[in-house]
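In what follows, a single structure is set out as structure tokens and then discussed.
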Amino acid sequence: MIHKPVDVGDPDRLYMVTGGRSEADDAFDLVTLIVSECEPTAGMQSEHTRILEMCRHPTALVEISAELKLPVTVVRILLGDLHAMGKVSARHPRAAESVAALPETALLQEVLHGLRNL
């Protein structure tokens, strides 16, 4: 099995996409659902436009990253920009109120077994 590096993007392109920024807002985790609040406008950065088009329905940050073929950190930076402009909203996953509210381990194992059999 051949392993590829995680970040295969051209560094110059990534630098341009983020405007040279490398620090991302930690407000977005991998499973945060992003929803567009408006349509793309003329003159927007192409990555911002694609994100707004993709997120007409709730879409996880990790899915956006995969679809755009950009590292998660870069997508977090772009989402931070859009969120600051009010163009997207974020829906964070809810944590279980208690351990008792979590599904039984046996049920999760059955689901995993069923998925492996697909």
Side-chain angles (χ1 to χ4, degrees):
M1 178 186 256
I2 298 173
H3 293 284
K4 293 182 181 179
V6 174
D7 182 5
V8 295
D10 177 29
D12 293 337
R13 177 175 177 268
L14 298 178
Y15 182 86
M16 294 300 295
V17 166
T18 62
R21 295 170 290 156
S22 61
E23 294 294 319
D25 187 358
D26 290 335
F28 304 106
D29 62 14
L30 294 178
V31 294
T32 299
L33 296 176
I34 307 299
V35 181
S36 299
E37 295 295 333
C38 64
E39 293 294 319
T41 57
M44 284 185 94
Q45 184 175 339
S46 62
E47 290 80 12
H48 286 160
T49 299
R50 289 192 58 205
I51 290 171
L52 290 176
E53 289 171 348
M54 271 171 55
C55 296
R56 289 186 176 124
H57 301 286
T59 308
L61 182 145
V62 72
E63 294 177 75
I64 298 167
S65 176
E67 183 68 27
L68 295 178
K69 296 181 174 80
L70 289 172
V72 171
T73 303
V74 171
V75 174
R76 281 184 175 144
I77 292 169
L78 295 171
L79 289 174
D81 294 344
L82 290 170
H83 191 259
M85 292 185 282
K87 301 208 180 272
V88 297
S89 59
R91 299 179 186 170
H92 301 282
R94 293 185 192 156
E97 293 178 18
S98 69
V99 176
L102 295 173
E104 301 257 342
T105 304
L107 174 64
L108 293 175
Q109 288 176 341
E110 287 181 37
V111 170
L112 182 59
H113 179 70
L115 289 172
R116 285 184 178 152
N117 288 335
L118 291 178

Q: Return the set of residues passing side chain to side chain donor-acceptor pair (under 3.5 Å) with Glu110 (not counting sequence neighbours), or none when no residue passes.
A: none
Contacts table for residues 78-88: side-chain donor-acceptor under 3.5 angstrom, sequence neighbours left out:
unit_1	atom_1	unit_2	atom_2	d
Asp81	OD1	Arg21	NH1	2.8
Asp81	OD2	Arg21	NH2	2.8

Q. What is the minimum heavy-atom distance between Pro71 and Ser65, and which atoms define it?
A. C-OG, 3.7 Å
Q. If two hydrophobic side chains count as joined below 4.5 Å and joins carry through other members, does Leu61 share a cluster with Ile77?
A. no
**Q.** Leu112 with Leu118, same ILVMFWY side-chain cluster at under 4.5 Å
**A.** no
Q: Can you tell me which residue pairs pass the ring-ring contact (aromatic ring centres under 6.0 Å, His included) test with a partner in residues 40-68, sequence neighbours excluded?
A: none
With sequence neighbours excluded, tell me which residues meet salt bridge (charged side-chain N to carboxylate O under 4.0 Å, His left out) with [X].
{"X": "Glu47", "result": "Arg13"}
{"X": "Arg116", "result": "none"}
{"X": "Glu104", "result": "none"}

Q: Measure from the side-chain N and O atoms of Glu67 to the backbone N and O of Ile64, and report whether any donor-acceptor pair falls under 3.5 Å.
A: no
Q) Which pairs pass salt bridge (Lys or Arg N to Asp or Glu O under 4.0 Å) with one or both residues in residues 71-80, sequence neighbours excluded? A) none
I'd like a table of donor-acceptor pairs (distance under 3.5 Å, sequence neighbours excluded) in which one partner is a side-chain atom from residues 30-41, with atom names and distances.
unit_1	atom_1	unit_2	atom_2	d
Thr32	OG1	Asp29	N	3.0
Thr32	OG1	Asp29	O	3.4
Thr32	OG1	Asp29	OD1	2.6
Thr32	OG1	His92	ND1	3.4
Ser36	OG	Leu52	O	2.5
Ser36	OG	Cys55	O	3.3
Glu37	OE2	Ser89	OG	2.6
Glu39	OE1	Arg56	NH2	3.0

